[in-house]
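Below, each value reflects all heavy atoms present in this structure, side chains not excepted, and no hydrogens, waters or symmetry copies. Ligands are counted one by one from 1 in listed order, and the atoms in each one are counted from 1 as well.
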Amino acid sequence: MSSQNPVFIPGPTNIPDRLRLAMQVQTQDHRAPDFVKTFAPVLEDTKKVFETTAGSIVTFPASGTGGWEAAVTNTLSPGDKVLVARYGMFSHRWIDLCQRHGLDVQVIECPWGTGAPADKFEQALAADSGREIKAVLVTHNETATGVLSDIGAVRAAMNAAGHPALLMVDAVSSLASMPFHFDAWGVDIAVSGSQKGFMLATGMAILAVSPKALAAMDTAKLPRTFFDFRDMMAANASGGFPYTPPLQLIYGMRESLRMLFEEGLDNVYARHHRLAEGVRRAVGAWGLKLVAQSPDLYSDSVSAIYVPDGFDSNILTDHAYDAYGVSFGVGLGEMNGKAFRIGHLGSLTETMVLSGLATIEMAMADLDYPITLGSGVAAAQDYYRKTRPDAARAQAA
Ligand SMILES: *Cc1c(COP(=O)(O)O)cnc(C)c1O
């Protein structure tokens with residue numbers, strides 16, 4: 001299989017050469033003074049991606065799942081009630097993590113393909129007159145279904161109910177690909193990771209934490225050692241780390257932030273939107289349906305696509321891999337066998353997206369899907385030609 005082929009899974013994402021090179025560093029002493037010079041600006045610049053000035057950035061050598069665990073164990077006590085909606089595999093897994101930590105999880109079941117139900121949150125919070133709910137947990141971008149939830153609406157629901165619960169957001173597959181407004185949305189903890197929008201290797205959980213969430217540590221009794229926010233922040237403040245830091249990832253993160261700022265975050269988001277819209281045009285041209293139930297829910301980082309009745313999405317993704325050496329996302333959980341996913345986040349261009357669309361079209365045609373070969377590619381090409389950023393620039397000039 002050619003290592004030149006991009007992956008079309010929604011994380012880990014393709015690592016641009018610039019970042020692979022940036023992570024190629026020899027071991028350095030993390031207690032030496034130059035570590036401070038490397039790490040402190042990374043923390044400071046990461047705030048810009050979360051859009052926070054009030055919050056603190058905390059990182060751990062972990063994947064996103066470790067970030068979930070850190071969020072919960074630093075702020076909650078066994079038996080605490082948390083409110084969560086389940087609408088996909090990632091919200092499900094965060095619920096499972098909470099239950100295993102002995103939290104009392106109030107789950108709102110939602111159809112997969114829908115997003116966070118702000119109205120139902122408001123009802124549940126208003127009904128909680130004893131203020132027993134300590135946190136509301138929301139998956140911003142449900143990677144299993146390609147659904148983006150409205151965090152501003154969740155915040156508005158919490159405010160409408162006058163409820164003091166913490167707002168925790170999983171932003172693992174949205175941060176650095178779609179706009180995120182930590183301060184404006186009043187988020188208390190947002191969780192992300194290095195291997196999606198940041199285009200790096202897996203291994204760094206990246207969190208933004210509000211002062212209110214830090215204050216909750218005073219009473220939070222869930223055990224924590226490795227993931228203790230205060231231990232990490234105290235060490236970071238004096239230029240160090242409480243244990244051995246993932247040095248190569250920190251160098252990678254510094255370069256990733258430079259790349260994102262050089263492109264401009266707004267341009268990064270616009271690129272993701274445009275590339276995603278091309279994929280959606282292709283899906284329409286194939287006559288297939290997205291799992292996301294309505295356009296306001298469409299994710300710009302991943303599309304989950306139902307296969308037609310009588311087809312098995314696992315056979316499709318296996319065939320794309322075996323025949324053409326290209327990975328697409330499989331259907332997770334309830335979507336297993338029913339939907340496949342095209343990841344379109346991180347380091348990606350029109351050319352790469354078109355190659356993915358062409359490949360999955362070939363795989364579908366091989367398996368006698370009722371699609372016209374080339375139709376999806378043509379729809380995306382048409383959209384990309386009409387929305388060329390250089391044409392827009394020329395018009396504006
Ligand atoms: C990728 C992802 C995670 C974290 O998964 P890890 O494999 O632990 O990094 C969490 N939530 C969402 C929505 C994700 O897409």
Side-chain angles (χ1 to χ4, degrees), residues 7-15 49-50 58-73 82 84-98 100-101 110 112-116 136-151 154 167-180 187 189-208 226-227 246 249 252-253 256 272 276 291-292 297-304 327-335 339-346 348:
V7 293
F8 293 94
I9 52 174
T13 61
N14 300 296
I15 307 178
V49 185
F50 283 100
V58 188
T59 72
F60 297 102
S63 77
T65 304
W68 283 341
E69 185 154 324
V72 166
T73 56
V82 297
V84 200
R86 174 164 30 218
Y87 41 80
M89 200 60 191
F90 289 88
S91 39
H92 168 73
R93 283 171 52 194
W94 206 4
I95 290 167
D96 175 55
L97 184 145
C98 290
R100 293 203 219 176
H101 276 93
C110 301
W112 288 33
T114 65
V136 178
L137 276 48
V138 186
T139 300
H140 186 207
N141 188 68
E142 178 47 83
T143 317
T145 58
V147 164
L148 183 74
S149 284
D150 185 345
I151 304 300
V154 174
L167 174 57
M168 301 191 191
V169 179
D170 171 342
V172 182
S173 62
S174 54
L175 198 77
S177 322
M178 291 180 281
F180 196 86
V187 177
I189 302 186
V191 178
S192 192
S194 49
Q195 80 275 27
K196 296 194 180 172
F198 290 112
M199 309 167 282
L200 294 167
T202 314
M204 196 149 96
I206 303 162
L207 296 93
F226 184 80
F227 286 127
L249 276 168
M253 191 65 186
S256 168
H272 279 83
V291 175
L297 299 172
Y298 291 168
S299 162
D300 286 340
S301 63
V302 55
S303 295
S327 290
F328 292 87
V330 298
L332 295 174
E334 272 184 28
M335 295 298 136
F340 68 99
R341 294 171 302 147
I342 301 181
H344 34 76
L345 77 161
L348 218 59

Enquirer: Would you say the side chain of Thr13 lies within less than 4.5 Å of the side chain of Val7, judging by non-hydrogen atoms?
Expert: no
Enquirer: Below 3.5 Å, N or O to N or O, backbone or side chain included: is there any such pair between Arg93 and ligand 1?
Expert: no
Enquirer: For ligand 1, which is the ligand I care about here, please tell me if Gly64 has any N or O atom under 3.5 Å from one of the ligand's N or O atoms.
Expert: yes
Enquirer: Between Thr73 and His101, do the side chains contain a donor N or O and an acceptor N or O under 3.5 Å apart?
Expert: no
Enquirer: Could you check whether any heavy atom of Gln195 sits closer than 4.0 Å to an atom of ligand 1, since that is the contact criterion I want to use?
Expert: yes
Enquirer: Check ligand 1 against Ser173 and write out every atom of the ligand that is under 4.0 Å from a heavy-atom position of the residue.
Expert: 13 (C), 15 (O)
Enquirer: Under 4.0 Å from ligand 1, counting heavy atoms only, is it the side chain of Val172, its backbone, both or neither?
Expert: side chain
Enquirer: Look at atom 5 (O) of ligand 1 and say which protein heavy atom is nearest, naming residue and atom and giving the distance to 0.1 Å.
Expert: Thr65 OG1, 4.0 Å
Enquirer: Just jot down the ligand 1 atoms closer than 4.0 angstrom to any heavy atom of Asn141, in number order.
Expert: 13 (C)
Enquirer: Do any nitrogen or oxygen atoms of Thr143 come within less than 3.5 Å of a nitrogen or oxygen of ligand 1?
Expert: yes
Enquirer: With a heavy-atom distance limit of 4.0 Å, tell me whether Trp68 approaches ligand 1 through its side chain, its backbone, both, or neither.
Expert: side chain
Enquirer: Is any side-chain heavy atom of Met253 closer than 4.5 Å to one of Ile206?
Expert: yes
Enquirer: For a 4.5 angstrom cut-off between non-hydrogen side-chain atoms, does Pro10 reach Leu345?
Expert: yes
Enquirer: Can you check whether Leu148 reaches Asp300 side chain to side chain, under 4.5 Å on heavy atoms?
Expert: no
Enquirer: Should the pair Phe180 and His140 be assigned to parallel (<30°), tilted (30 to 60°) or perpendicular (>60°) ring geometry?
Expert: perpendicular
Enquirer: Atom 6 (P) of ligand 1: which protein heavy atom is closest, and how many Å away?
Expert: Ser63 OG, 3.4 Å
Enquirer: When you measure from atom 11 (N) of ligand 1 to every protein heavy atom, which one gives the shortest distance, and what is it?
Expert: Asp170 OD2, 2.6 Å
Enquirer: Side-chain contact test, heavy atoms from C-beta onward, threshold under 4.5 Å: evaluate it for Leu137 versus Cys98 and give yes or no.
Expert: yes
Enquirer: Is Lys196 close enough to touch ligand 1? Criterion: a residue heavy atom under 4.0 Å from a ligand atom.
Expert: yes
Enquirer: Checking the N or O distance criterion of under 3.5 Å, is ligand 1 in contact with Thr202?
Expert: no
Enquirer: Any side-chain heavy atom of Thr145 sitting closer than 4.5 Å to one from Leu297?
Expert: no
Enquirer: Report yes if some heavy atom in the side chain of Pro61 is under 4.5 Å from a heavy atom in the side chain of Phe226; otherwise report no.
Expert: yes
Enquirer: Of the backbone atoms (N, CA, C, O) and the side-chain heavy atoms from C-beta on, which set of Glu142 has a member under 4.0 Å from an atom of ligand 1: side chain, backbone, both, or neither?
Expert: neither
